[in-house]
Amino acid sequence: MTPKLTRRHLLGLGALQTAAALGLTRIGRANAPEHGTALVVGTGYGGAVAALRLGEAGIRTTVLEMGALWNRSGPDGRVFCSTAAPDHRSMWFRTRTEAPLATFLWLDVVNKNISPYPGVLDRVRFADMSVFVGRGVGGGSLVNGGMAVTPQRAYFSEMLPHVDADEMYRTYFPRANAMLGVNSIDPAWFETTEWYRFSRVSRKHAARAGLRTTFVPNVYDFGYMQREAAGTAVRSALGGEVIYGNNHGKRSLDRTYLAAALGTGNVTIETLHRARAVRRERDGTYVVTADRIDLAGKVVETREFGCERLFLGAGSLGTTELLLRARETGALPGLSDEVGRGWGPNGNVMTGRANHLWDTVGANQSTMPVMGIDDRDNPDNPVFAEIAPLPTGLEHWVSLYLAITRNPERGTFRYDPATDGVRLDWNRAQSQVSAASAKRLFDRINARNATIYRYDLFGGNRTFADDFTYHPLGGCVLGRATDDYGRVRGAPGVYVTDGSLVPGSIGVNPFVTITALAERTMSRVIAEDYAR
Ligand code: FAE
């Protein structure tokens, strides 16, 4: 599905370009009042859907985003830096990159020293789990692998039993897929191109173990990718770009939902604004306190934004932290005890297998995964394992995977007054459940192919990386911390629209689910709450 570029998208894209050219931190109408009718925190999937649907409904909306706007080229002519040569643009205020793969052949060749800057990828470290998130206008869409997967209906209903699945699969999943511009690789091209040899090799090995593989749709424009392969377009997915941003080809939210939101003329985005506190005024309106930072991370101004209604789209970590802080400091004392609970890493585990010398995976690998080993219907050990690229430009015989297991363990966030931040109660034994499930699947594949795991990729000779996640989910679970439509219990007029609604696991890559649930919430809230 190619998203239709409406007049609204074009107007919005124009606003984004003007802001980038002038180096502005405010994008959208210059005369937007500080006290918009609605305030949205975050510009990831949940925030972007909220902004568009509010703007369309004629509601003056201000959006706060702690990250930067990513559409101005640096001195090298590129907006984002590459994965192979990361610079200050890669990570959120770091002096050294912290990529998911720690080493290669046990060598510390992956990470590089960089200068601190509001870069596009962040790794938030808790005691026994670290969480990768995107920072910038577009949130996770700027850094993710673009895999756009609608979950299996049975598992969706198991996780979110109060949501009408008929309505989701009839209306909101199709709407989300269309708006995000989800498309699929041409299977004939897949079978012949060198860029997906790594996927075909993994498919062959899975088949030998009696396992099914399935194509996975993506928001990367496969027409563009084929032109990259033909040498008629600048390489992005085929140029090693992904976790530090794609300069071309990817339909990130700034090109879809957010462009359309700005195009309504009712939406303003304030970048480099980190929401810190929320309070309720006597008249029932809300005030959000936000720190505006400069490119060195220094707080240059603290501002207050008033609103009648507040939409939280700061992601599982950001939204949960804001609400926990508000509850524990007494600013919103009526919030439910459920805030902070029900968190999970979507059962994420990464692993690598070492192939035989004759099973080459190719020096050329596209960064966009398009295939998964689909053992979700196995009642003993349901796993969906995305076949991940490892594009080094050299043959390395590694098959890499991000397995999504169905780990029932859940973590809890707690507010820490000493740091004014949050801690995550999640321990190694809880991660072990995911690793054990992935191991059962990959032991089968290794046994049938006489192959072994790679020990050199994740540090400490580990074969499974179960200590980080790309898919943080939960913290303000739908129907528990909120009602069944994301209305926060104990704070009338506050809504959650992001991944914190999903109870820790959804069985596949989550952004299509997050987008579809946000569409469902916004359609209900605009029809009901704004009509009052
Ligand atoms: P998210 O996209 O994280 O947006 C939250 C936004 O709020 C961010 O822009 C933050 O900077 C901003 N924010 C946070 N706190 C504040 C604050 N206090 N004040 C102002 N702004 C704030 O949330 N998912 C898939 O479905 N397919 C994939 O292929 C895939 N690959 C991934 C690869 C990587 C490397 C990563 C990191 C993630 C990947 N994901 C993938 C996960 C996906 O990007 C993630 O589930 C969504 O982005 C979550 O959407 P939310 O709207 O919850």
Side-chain angles (χ1 to χ4, degrees), residues 1-4 44-46 48-49 52-53 139-141 144-187 190 199 212-222 250-253 256-257 316 344 346-348 368-378 382-388 402-406 470-474 478 484 486 497-523:
M1 255 174 273
T2 306
K4 252 198 359 233
Y45 295 89
V49 173
L52 171 61
R53 300 308 175 198
S141 77
N144 66 33
M147 295 178 79
V149 196
T150 300
Q152 277 184 321
R153 187 171 163 147
Y155 194 59
F156 175 86
S157 292
E158 194 181 322
M159 290 293 101
L160 293 160
H162 302 295
V163 177
D164 178 350
D166 272 344
E167 194 188 31
M168 284 298 291
Y169 284 78
R170 194 178 52 234
T171 306
Y172 298 114
F173 279 120
R175 186 177 296 173
N177 277 293
M179 287 296 299
L180 292 167
V182 175
N183 67 158
S184 294
I185 194 166
D186 171 0
F190 172 85
S199 305
R212 209 163 65 89
T213 47
T214 180
F215 279 113
V216 175
N218 201 292
V219 293
Y220 198 89
D221 179 344
F222 286 109
K250 199 205 269 176
R251 294 166 181 151
S252 46
L253 290 166
T256 58
Y257 273 101
S316 166
N346 204 21
N348 278 192
M368 295 295 140
V370 293
M371 187 163 269
I373 299 171
D374 190 356
D375 204 25
R376 286 177 287 178
D377 291 333
N378 177 349
V383 179
F384 182 71
E386 140 195 349
I387 300 171
L402 178 71
I404 300 175
T405 63
R406 292 190 187 168
Y470 290 155
H471 302 164
L473 295 174
L478 190 68
D484 284 341
T497 61
D498 57 27
S500 47
L501 294 172
V502 182
S505 165
I506 199 66
V508 290
N509 316 61
F511 73 61
V512 171
T513 304
I514 295 170
T515 306
L517 285 173
E519 287 282 17
R520 172 179 174 273
T521 287
M522 293 314 295
S523 139

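Here the structure is a predicted model, which is why all the values come from computation and not from measurement.
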Walk me through it: do Leu473 and Ile514 pass the test side-chain contact (heavy atoms from CB on, under 4.5 Å)? CA-CA 10 Å; Leu473 295 174; Ile514 295 170; 4.2 Å; yes
Step-by-step side-chain contact (heavy atoms from CB on, under 4.5 Å) determination, Leu478 to Arg520: CA-CA 12 Å; Leu478 190 68; Arg520 172 179 174 273; 4.2 Å; yes
Assess whether side-chain contact (heavy atoms from CB on, under 4.5 Å) is satisfied between Tyr169 and Thr150, documenting all intermediate values. CA-CA 9 Å; Tyr169 284 78; Thr150 300; 3.8 Å; yes
Start with the C-alpha gap between Arg53 and Thr521, add the side-chain angles, then the distance that decides, and say whether side-chain contact (heavy atoms from CB on, under 4.5 Å) holds. CA-CA 10 Å; Arg53 300 308 175 198; Thr521 287; over 6 Å; no
For a ring pair (Phe, Tyr, Trp, His ring centres under 6.0 Å) check, start with the C-alpha distance between Phe156 and Phe173, then their side-chain angles and the critical distance, and finish with the verdict. CA-CA 12 Å; Phe156 175 86; Phe173 279 120; 5.6 Å; yes
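Scanning for ring pair (Phe, Tyr, Trp, His ring centres under 6.0 Å) contacts around Tyr257 gives an empty result, with sequence neighbours left out.
By the 4.5 Å heavy-atom criterion applied to side chains, Leu160 and Pro503 are counted as neighbours. Put simply, the side chain of Glu519 does not reach to within 4.5 Å of the side chain of Thr171, judged on heavy atoms. Asn144 is not listed as a side-chain neighbour of Tyr470, based on a closest heavy-atom distance of 4.5 Å or more. With a 4.5 Å cut-off on side-chain heavy atoms, Val49 and Thr497 do not count as touching. Contact of the Val502 side chain with the Met159 side chain is not registered, since no non-hydrogen atoms from C-beta on lie closer than 4.5 Å. Contact of the Val216 side chain with the Val370 side chain is not registered, since no non-hydrogen atoms from C-beta on lie closer than 4.5 Å. Contact annotation: the side chain of Met147 never approaches that of Phe511 to less than 4.5 Å [non-hydrogen atoms, C-beta and beyond]. For the pair Tyr172 and Ser523, the minimum side-chain heavy-atom distance is below 4.5 Å.
Separating the NZ atom in Lys250 from the CG atom in Asp221 is a distance of 13.0 Å, to the nearest 0.5 Å. In this structure, CG on Asn348 lies 5.0 Å from NE2 on His471, to the nearest 0.5 angstrom. Put simply, CG on Leu52 and OG1 on Thr256 are 9.0 Å apart, with the number rounded to the nearest 0.5 Å. Here CD of Glu386 is found 10.0 Å from OG of Ser199. Values are rounded to the nearest 0.5 Å.
A donor-acceptor pair is defined here as one N or O able to donate and one able to accept, closer than 3.5 Å; no such pair exists between the side chain of Ser141 and the backbone of Ser252. Side-chain N or O atoms of Asp375 include none that pairs as donor or acceptor with a backbone N or O of Val383 at under 3.5 Å. Under a 3.5 Å cut-off, the side chain of Asn218 and the backbone N or O of Gly145 do form a donor-acceptor pair. Here the side chain of Asn346 pairs a donor or acceptor atom with the backbone of Ile506 at under 3.5 angstrom. For the pair Asn183 (side chain) and Phe222 (backbone), a donor-acceptor distance under 3.5 Å is present. Of the possible donor and acceptor atoms, none in the side chain of Ser500 sits under 3.5 Å from a partner among the backbone N and O of Gly474. Remark: side-chain polar atoms of Asp374 are paired, donor with acceptor, to backbone N or O of Arg376 under 3.5 angstrom.
Shortest non-hydrogen contact noted between Ser184 and Pro217 is OG-CB, 3.8 Å. Heavy-atom minimum distance, Phe384 versus Gly507: CB-O, 3.7 Å. Tyr45 approaches Leu253 most closely through the heavy-atom pair N-CD1, 3.4 Å. Scanning both residues, Val219 and Ala148, for their nearest heavy atoms gives CG1-CB, 4.4 Å. When all heavy atoms are compared, the tightest approach of Ala176 to Thr515 is CB-CG2, 3.7 Å. Across Arg251 and Leu180, no two heavy atoms sit closer than the pair CB-O, 3.9 Å.
Between Asp166 and Arg153 there is a salt bridge, since at least one side-chain N of the basic residue sits less than 4.0 Å from a carboxylate O of the acidic one.
If you check the side chains of Asp484 and His162, you find no donor sitting under 3.5 Å from an acceptor.
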